[in-house]
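To start, the structure under review is shown below, and the notes come after it.
Proteins get letters first, then strands, A, B, ... in listed order; numbering begins at 1 in each.
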2 protein chains.
Amino acid sequence: MDDVDRGLLALLQADATRTYADLGREIGLSAGATHERVRKLRAAGVIRRTTVDIDPAAVDLDVLAFVTVDSVAWIGDSGPAFAAITEIQEAHVVAGAASVLLKVRTTSTGALQDVLRRIHAIAGVSSTQATIALDTFFERPTPTGGTPAHDGTGPDER
Amino acid sequence: MDDVDRGLLALLQADATRTYADLGREIGLSAGATHERVRKLRAAGVIRRTTVDIDPAAVDLDVLAFVTVDSVAWIGDSGPAFAAITEIQEAHVVAGAASVLLKVRTTSTGALQDVLRRIHAIAGVSSTQATIALDTFFERPTPTGGTPAHDGTGPDER
DNA sequence: GACGTCGTCGAATCATATTCTGTATTCATT
DNA sequence: AATGAATACAGAATATGATTCGACGACGTC
């Protein structure tokens, strides 16, 4: 992986609908060469997926909360149990007092409460602590070290 | 927005490279009708962007940390200051003891320390507490209520 | 019943994705 | 230094998909 690849990744993160000709003009390659590089980045798993970023409010997901989950037993194998709760967007095993940290999106605080109830039902879970996000400064893609024409700094960046 | 739109969103989250004909076959519309619906979803800002999901380890971002930031003054206007630190992927204003919660990706714990130093330099910041993620169960797109053929449950879902 | 609006289909046109060939460069081997 | 292999690229050709538009049906209103 070189600077050309990093540059392509950054450009594709910014807008994955661009044509290979367009990307190639900006990065200094032909459409075919660009196509081949992107194909290899996908094959190597560097690009895991092409996806669309959706405004949560547009699908009525008005509540974002971060939940720390404490346990009385090892729950390092509980990934599938957390995954079964669709409102959980991310789940990370963390060092420290809590053992799992969750990013949860729901339509209301009542729905969040229901999610907490279902988390408690997972074997080994002793307690949860939810922190509600009042506002989001920004959510942007994983930094890659490449430099797109515009660095995404928030939801208004398209 | 109806169930067809939600279904399209879910399918596009799973794989935004699918053709309109392919999407249409699954959702029960022609390619043209599917194209028109997606165009409207973009125009309405429901789809904020088409992007690629990148494996952080592939770009040497081996450390993920969640940082809570306490303040002695209002830092609700400090979004741009946080955004200027490229290693910060997300920044949320939260209720509770800490006022801002950050998702940070770095190449090493040493680099994380450097990021913490730069966060401390932001006016109003009194202290930070970093929680390092030892493992990630999954990170998946914002739930939309639609049902793709496969629900993304982790990085191996392509 | 007439009319207007909206969403869709199917087809035509335009644009892009994909593949392939030839060439140049780099690297390893002799 | 010469040679061969591997890699990357440009350009062109072909196949496929994106986009647009006219026609039609459903629905709501008058």
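- Contact check, A/His35 against C/dA17: no side-chain N or O comes under 4.0 Å of OP1 or OP2.
- Distance, A/Arg39 CZ to D/dC9 C1': 14 Å, rounded to whole Å.
- In this structure, B/Arg18 does not reach the D/dG17 phosphate: none of its side-chain N or O atoms is under 4.0 Å from OP1 or OP2.
- Expressed to the nearest 0.5 Å, how far CG of B/Leu41 lies from CG of B/Leu12 amounts to 8.5 Å.
- Counting to the nearest Å, the P atom of C/dG7 and the CD1 atom of B/Ile27 are 16 Å from each other.
- Across all strands shown, A/Arg37 has heavy atoms under 4.0 Å from sugar-phosphate atoms exclusively, and none from any base.
- Out of C/dC9, C/dT16, D/dA10, the shortest distance to the side chain of B/Ser30 is found at C/dC9.
- A/Asp15 has no carboxylate O lying under 4.0 Å from a charged side-chain N of B/Arg49, or vice versa, which leaves the two without a salt bridge.
- In terms of phosphate contacts, A/Tyr20 brings no side-chain nitrogen or oxygen within less than 4.0 Å of OP1 or OP2 of C/dT16.
- When the P atom of C/dC6 is taken as reference, atom CG of B/Leu29 falls 18 Å away, rounded to whole Å.
- The phosphate of C/dG7 (OP1 or OP2) has a side-chain N or O of B/Lys40 nearer than 4.0 angstrom.
- Separating the CD atom of A/Glu36 from the P atom of C/dA17 is a distance of 15 Å, rounded to the nearest angstrom.
- For the pair B/Leu23 CG and D/dG17 P, the interatomic distance rounds to 12 Å; values are reported in whole Å.
- For the pair A/Asp2 CG and C/dT26 P, the interatomic distance rounds to 14 Å; values are reported in whole Å.
- Of the candidates A/Glu87, A/Glu90, A/Gln89, A/Gln89 is the only one forming a side-chain hydrogen bond (donor to acceptor under 3.5 Å, both in side chains) with A/Arg105.
- If you take CG on A/Leu23 and OG1 on A/Thr34, they are separated by 6.5 Å, rounding to the nearest 0.5 Å.
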